[in-house]
Protein chains: 2
Amino acid sequence: MNIKTFDYQTLLGVENLDPNLEVINDYLVTVFNDILTIEESELKRSKFHDLSIKEMHTINAVGMYKKKTSSEVAKELSITVGTLTVAINNLVKKGYVERIRSEDDRRVVKLGLTKKGKLLYRVHQHFHREMVKAVLNNMDQDEGQALLKALENLHDFLQLYK
Amino acid sequence: MNIKTFDYQTLLGVENLDPNLEVINDYLVTVFNDILTIEESELKRSKFHDLSIKEMHTINAVGMYKKKTSSEVAKELSITVGTLTVAINNLVKKGYVERIRSEDDRRVVKLGLTKKGKLLYRVHQHFHREMVKAVLNNMDQDEGQALLKALENLHDFLQLYK
DNA sequence: AGATATAGTTTGAACATCAAAACATTTGAT
DNA sequence: ATCAAATGTTTTGATGTTCAAACTATATCT
C-alpha cells in the first residue's frame, strides 16, 4: 500500500481496510432485511395468513413450554407491557394465545399457546431449523465453530449497549 | 447414540441432533432482535432523536451516492411505493431527504440525502463498521472466511424464497 | 389522437408503539 | 387490621407503519 492511498482512506474515515469488512456488513444488512420480508411473505402464503411477522414473533416469545408472564414476554420482545397487552388481545381473538390469571398472585397473567398457536410455533421452528441447516450445510466442524465464535462476538458487542 | 434416544428424537420431529444447530438458531434470534432495539435506542440517544429505526433504514436505502428513484428504494426496502411516499414526506419535512423530479422522465422522482441526511448516514455506517470489527476482532483469516461462507449460504437459502 | 402502461401520490383501514393514567392485588409499616 | 406503597396489567390517546385501491401525471404504442 502506498502512502497516498493510505492518506486518502484516513481522510475519508475508513479506518479498516479489510475488504471482507464491507462485504460482511453488506451481507448482514441484506440478509437481515430478507429474513424479515421472507418470513412475512411465507406466513401470508401459509394457512396462518391472518398474522403479521410481529405477531409471529410474539407467539414465538410466548413459547411452547413454560408459561411466561406478560412482563417476561414484553421484556424478551423489548416492548412495553401496554403494547403487549394490545398484541395479546388480537392473538387471543384470533385463537393463538390464551391468558390464565395466576392463582398464586392474582395480579399476574400467564400466557400460553392454544393448540393452533402450538401448531404455528412448530411450523415456524421448522423454517428456522431448515435455515440454519442450510447455513451449516457445506461447512466442517471448524467452520461451524468459527460461525459460533462470530455470533458470540456479535452478541457480546450488542450487550455493551444494553 | 442408542436407539432409544434416536427414536425419542425422531418422534418429536427433531431431525438434526447437532447441538450447535439449536445454539446457532437461538443466537440468531436474539442477536436479530437486539440489533433492531439497540439501533433504535442509540438513535434516540443521539442528536437524531426525531427518527425511528425504520426511518434510519429508509435513509440508508436512499444512500449517499447514486440517486435512486422511489420505485428502486421501495423495492430495496420491500415496501410498497405508497408506503415509501408517506415515509419520504416525513423525511423531507424533517430535512434529511430531498426529492428531485427527473428531467428525462417527469414521472420519475429521484431521491437524495441532504447534508443532514449524509451526516446521519455516516454515523450509522460507523456503528455498523464497529459492529463488524467487533465480530472479526479475535478471528483469524480462516475463521473470517468461514463466516463469509455462512453468510453466503444464508443469503443463497433466502433467495430460494424470493 | 386515443388507448395503454408506468411512476408516484393520496386516502382509509388495521396494526404497532409509547407514555401516562387507571385498576387490581399484594406487601410492608405501624 | 388498616393504610400506604409497590407491583402487574389494562386502557387510552397520540403518532408511525403498512397495504390496497383509487387517483394524477407523464410517457409510449398503435
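Letters A, B, ... mirror the listed sequences (proteins, then strands); counts begin at 1. A quick note: this is a predicted structure, and the numbers were derived from the prediction, not measured.
- At the heavy-atom level, Val81(B) lies under 4.0 Å from base atoms of the strands shown.
- As rounded to whole Å, 8 Å separates atom P of dT9(D) from atom CG of Leu111(A).
- With respect to Lys133(A) and Glu130(A), a salt bridge is recorded, a charged nitrogen being found less than 4.0 Å from a carboxylate O.
- For Arg107(A) against dT9(D), no side-chain N or O and base N or O form a donor-acceptor pair under 3.5 Å.
- A donor-acceptor pair shorter than 3.5 Å can be found between the side chains of Glu39(A) and His128(A).
- Checked by atom type, the side-chain pair Tyr96(B)/Asp50(B) shows a donor-acceptor distance below 3.5 Å.
- Heavy atoms of Thr85(A) sit under 4.0 angstrom from at least one base atom.
- A salt bridge links Glu42(A) and Arg45(A); the closest N-O separation between the charged side-chain nitrogens and carboxylate oxygens is under 4.0 Å.
- Of the two residues contacting DNA chain C, namely Val86(A) and Val108(B), the nearest-nucleotide position lying further toward the 5' end is that of Val108(B).
- Rounded to whole angstrom, the span from the CZ atom of Arg101(A) across to the C1' atom of dT26(C) amounts to 13 Å.
- Taking 4.0 angstrom as the limit, Ser52(A) places none of its side-chain polar atoms (N or O) nearer than this to OP1 or OP2 of dT18(D).
- Annotation: of the two residues near DNA chain D, Ile53(B) and Lys110(A), the 5′-most nearest-nucleotide partner is Lys110(A).
- In this structure, Ile88(A) places its CD1 atom 14 Å from C1' of dC15(C), rounding to the nearest Å.
- If you check every strand for non-hydrogen atoms under 4.0 Å, Thr83(A) touches a base.
- Where Asn89(A) and Asp105(A) meet DNA chain D, the nucleotide closest to each residue was compared, and Asp105(A) sits on the side nearer the 5' end.
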